K.L.:
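What follows is a single structure, and I will ask about it in a moment.
Everything quoted here is computed from the prediction, not taken from an experiment. The first residue of the sequence shown is numbered 1, and numbering continues consecutively from there. The figures here come from the full heavy-atom set of this structure, side chains too, leaving out hydrogens, waters and symmetry mates.
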Amino acid sequence: MSMEKPDSSFMLESSYPDLVINIGKVTLGEGNRKKLQKFQREEEKAKVVKAACALLNSGGGVIQLEMANNDKHPVEMGLDLEESLRTLTQSLNLEAFFKTKQEGKCYYIFVKSWSSDLFTEDSSFKPRICSLSSSLYIRSGTSVLLMNSRDAFHFLNTRKMNAKNVGQEPSSKLIKVIHQDLHSPYEFFQKDHLEYGEIVPFPESQSIEFKQFSTKRIQEYVKSIIPEYISAFANTEEGGSLFIGVDDKSKKVLGCAKEKVDCDSLKKTIENAIYKLPCVHFCQSQCQIDFTVKILNVLAKGELYGYACVIEVKPFCGAIFSEAPRSWMVKDKLICPLATQDWVNMMLDTDPDLSRLCEDFESQLSLSTGPPLSRPVYSKKDLEHKKDLQQRLFPVSPGRLKYTPESLWKELSSQNEGFEELINKETLPFSQGILIFSRSWAVDLSLEEKQGVICDALLVTQNSPPIIYTILREQDAGEQSYSIRIAFTLKQKLVNLGGYTGYLCVMTKVLHLRPESNAESSEDSGSQIDYPRSYYLANIQQMEALLQSLVIVLLSFRSFLSDQLGCEVLHLLTAQQYQIFSNNLRNYRELFIHGLPGSGKTVLAMKIMEKISNEFHCEAGEILYICENQPLRNFISSKKICHAVTRKTFMKTDFEKIQHIIIDEAQNFRTEDGDWYEKAKTITHRDKDCPGILWIFLDYFQTNHIESSGLPPLSAQYPRERLTRVVRNADQIAKYLKTVLQEVRKNPPPNIPQGSLQMVLEAEWDQRVRGTLKLKENLTFNQIVTYVADTCKLLFEKGYSPRNVAVLFSTVKDVECYKQELLRAMRKKIRVVQFTDANDVLGDCIVVDSVRRFSGLERNIVFGIHPKTVDSAILHTILVCLVSRANQQLHILRRRVV
């Protein structure tokens, strides 16, 4: 998101765990404000409104000001300030967004995040962003009207929807109609000169406006009226003409005396003013404002008296603004005005239409109810809702303060003398809620870990704001700033990522195992703002709402659908995935993760690499991701979170900078180039005192060869975790996958350890998402080609795109055999279609490749041509690989064996 030049007159305080904007001195109190000169009132009001708007759009915060008046007793804000805040929020109730508090000469305005859900003026539209002014004008009768947020949204949305149907010269109809009238504006515009005092033969109307020249500073006056009127005419269906030099009451031509104006300079001033108007396009033509400026001579008794001006403006296919919309956000601790295009994008931002791409998802957080910076969050319909995840991971029980996770609580208590007593003493005043321990909340929030911290804990309890505790063994110079940074980041993410819309602050407290350090630090902790009671969690419902936002913060990840939709969409980890992800990396430096097909191994591998980067302060080039096939390597490499290579490259190269290694699809590794497992262990154990991370993800059910994989024996794969919940495939596909997995368990290839196959008995298959499974047997070559082409034609007619489809074969030889004929058949039925291989899985083309090369990837619709030409020992495991690649539709076509 681009921003205009920031306002440096505001100071954001960095010593608080919140966005705190210090706007300096402001006069408060109704009587005091009435005594101010008008320009002083307006300047102070502008400061308050700008800071309030920026905070509303950025997750909320606090406006801090110093009272310029000398009242010793509490005073009210002032009616003009209150009215300006009501206008800003378009709300009659200031309490919906603002609370105030006075402490001596210091005055605080507490600002809640803007939320579309709180806007009730029009249920058909809830503005995504707070704005002081849209800067969009439109002509209505003989008036120029400034659009409010609701009108601006409907106007912009209509222009966007109709962009393809709007011609470049929509005013031609008007011109043709009025051309027949001898007294029309068109004829008047064509005249060479006007007579001083003559009456213009038509009135002001929707498309006509009269203005007289100002008596002083003529060019400045013209520049001042250009933005509103040109914007209004350009945004109106018929366009219009602005006549300058005509009295709007008498309709007499008065012009401007020739001595007071230079024609060329005036025309240039007008043109430059129009060219500078911000505009937004909804079509590809990127056309400019279509206007004509004509300077007409005004004659008095046959002599040149002066000049009049006519500006004809044709309707614009997009939107013309008088200036950039007046809306601000906080970026990098500066108040920045939103650029026009970004403002329009946010105004029109809506939840993506997933009805065709992924019917199996349901909304967890919608843009229609979320804060301005939130993104839509979805989960599979058969998986836990954010409420279910919250109750499973962070439950709140009536009348009880729960410590979680219990295993970490016990571990910390046993490892640190006095830890249990310190925590119990600190939480003694609280009787209901949850205390969530973490080895590092900094790492959990994608911040750098701080050495010397025993743990952090988040307290969510009744009758208190959330509190972040940082526990150290003894005092540390940077402890306060560390704790503040965590609390600040958590608060921002709970709102802007998690979608929390209530009043929210996160308090901080640093504790030490040495009692004397606690006594000293209490004095050095710094004065925290005393927030109003509205910031205190009042009941279980409010606590659970906050914890559900926390679930999104901790469990969300960027969905692969984002690349298909062209916008960011978030999904949630399952509880099982999160439990593995939340393991202490220092306790699990080596870990084997066995995951069933479609259980999210690659997603979890990516999340772990991000966690490694934060916890061990490493750069992407110090983390190595290894897989067997190039397409998966390329896909991971595009995420720029690690250095990604294939096994073959790994065995041929020295990796001196690598500290940590993640291995994916390890069941398909081979030992033909050497012992990859021993090499990976050697690299990650260079520092014997502090070895690196080596996590290995595998699924024996998707083994695609019968050679040695190089994995250690199953009994040596310890510690080991399991992912048994299938999250990728729709119901019919999942049921078929379950059947094929059972076949593998009964007749496994010789290189798969028998004990590893028992995990299929623990698989969770509860599916509520309807899918498509079609099995076609004994087809000829031509029948297979025709079926794929015909089915794709129907799919594309229903709104699917080539990026949804993959056609997979058992071998590369089969790919070459079918590819040309398949492309020829496609192009007979579909005008434009392109094939690509698995290396371009994110492209808008049909992927045609082998099952092996598509390992670890996915598409919504998969055609699997599965002849029985592969080794019979891996026939079913290859079929597992094929079936598990499909999200919604799976078509398995078997060729007749001749």
K.L.:
Start with the C-alpha distance between Arg853 and Asp837, add both sets of side-chain angles, then the distance that settles salt bridge (Lys or Arg N to Asp or Glu O under 4.0 Å), and finish with yes or no.
P.N.:
CA-CA 9 Å; Arg853 280 175 47 82; Asp837 59 24; 3.8 Å; yes
K.L.:
Looking at Phe635, I'd like to know if the NZ or CZ of Lys639 sits under 6.0 Å from its six-membered ring centre while staying within 45 degrees of the ring's axis.
P.N.:
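Yes, a cation-pi geometry holds between Lys639 and Phe635.
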K.L.:
Report, as yes or no, whether the 6.0 Å neighbourhood of atom CD1 on Ile706 holds more than 12 heavy atoms from other residues, nucleotides or ligands.
P.N.:
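No, because the 6.0 Å sphere around CD1 of Ile706 holds 12 heavy atoms or fewer from other groups.
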K.L.:
State which residues pass side chain to side chain donor-acceptor pair (under 3.5 Å) with Tyr787; sequence neighbours excluded, sorted by chain then number.
P.N.:
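Once residues adjacent in sequence are excluded, the partners of Tyr787 under the side chain to side chain donor-acceptor pair (under 3.5 Å) criterion are His891.
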K.L.:
Is NZ or CZ of Lys607 both nearer than 6.0 Å to the six-membered ring centre of Phe581 and within 45° of the ring axis?
P.N.:
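Satisfied, under 6.0 Å and within 45°.
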K.L.:
Could you tell me whether Lys652 and Asp673 have a side-chain N and a carboxylate O separated by less than 4.0 Å?
P.N.:
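No, this pair does not count.
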K.L.:
Between Gln364 and Ser379, is there a side-chain donor-acceptor contact under 3.5 Å, judged purely by atom types and distance?
P.N.:
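A pair is found: one side chain offers a donor N or O, the other an acceptor, under 3.5 Å apart.
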K.L.:
Would you confirm whether Asp844, through its side chain, and Arg803, through its main-chain N or O, come within 3.5 Å as a donor-acceptor pair?
P.N.:
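Judged by distance alone, yes, a pair lies under 3.5 Å.
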K.L.:
So, does Asn860 use its side chain to make a donor-acceptor pair with the main chain of Asn804 at under 3.5 Å?
P.N.:
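No, Asn860 side chain to Asn804 backbone: no donor-acceptor pair under 3.5 Å.
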K.L.:
Between Arg647 and Glu628, is there a salt bridge with N-O shorter than 4.0 Å?
P.N.:
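Yes, Glu628 and Arg647 are salt-bridged.
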K.L.:
Is Asp349 salt-bridged to Arg375, cutoff N-O under 4.0 Å?
P.N.:
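Arg375 and Asp349: salt-bridged.
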K.L.:
Against His594, only a single residue in Tyr700, Phe697, Phe701 fulfils ring pair (Phe, Tyr, Trp, His ring centres under 6.0 Å); can you say which?
P.N.:
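When ring pair (Phe, Tyr, Trp, His ring centres under 6.0 Å) is applied between His594 and each of Tyr700, Phe697, Phe701, only Tyr700 qualifies.
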K.L.:
Do Arg725 and Glu384 sit within salt-bridge range, that is, some charged N less than 4.0 Å from a carboxylate O?
P.N.:
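Judged by the 4.0 Å cut-off on N to carboxylate O distance, Arg725 and Glu384 do form a salt bridge.
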K.L.:
Run the side-chain contact (heavy atoms from CB on, under 4.5 Å) check on Leu698 and Phe669 step by step: do they pass?
P.N.:
CA-CA 10 Å; Leu698 67 147; Phe669 281 31; over 6 Å; no
K.L.:
Please identify each residue that fulfils side chain to side chain donor-acceptor pair (under 3.5 Å) with Asn839, with sequence neighbours left out.
P.N.:
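Asn839 satisfies side chain to side chain donor-acceptor pair (under 3.5 Å) with Asn634 only.
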K.L.:
Do the side-chain N and O atoms of Gln667 and Ser709 include a donor-acceptor pair separated by under 3.5 angstrom?
P.N.:
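Note: Gln667 and Ser709 side chains miss the donor-acceptor criterion.
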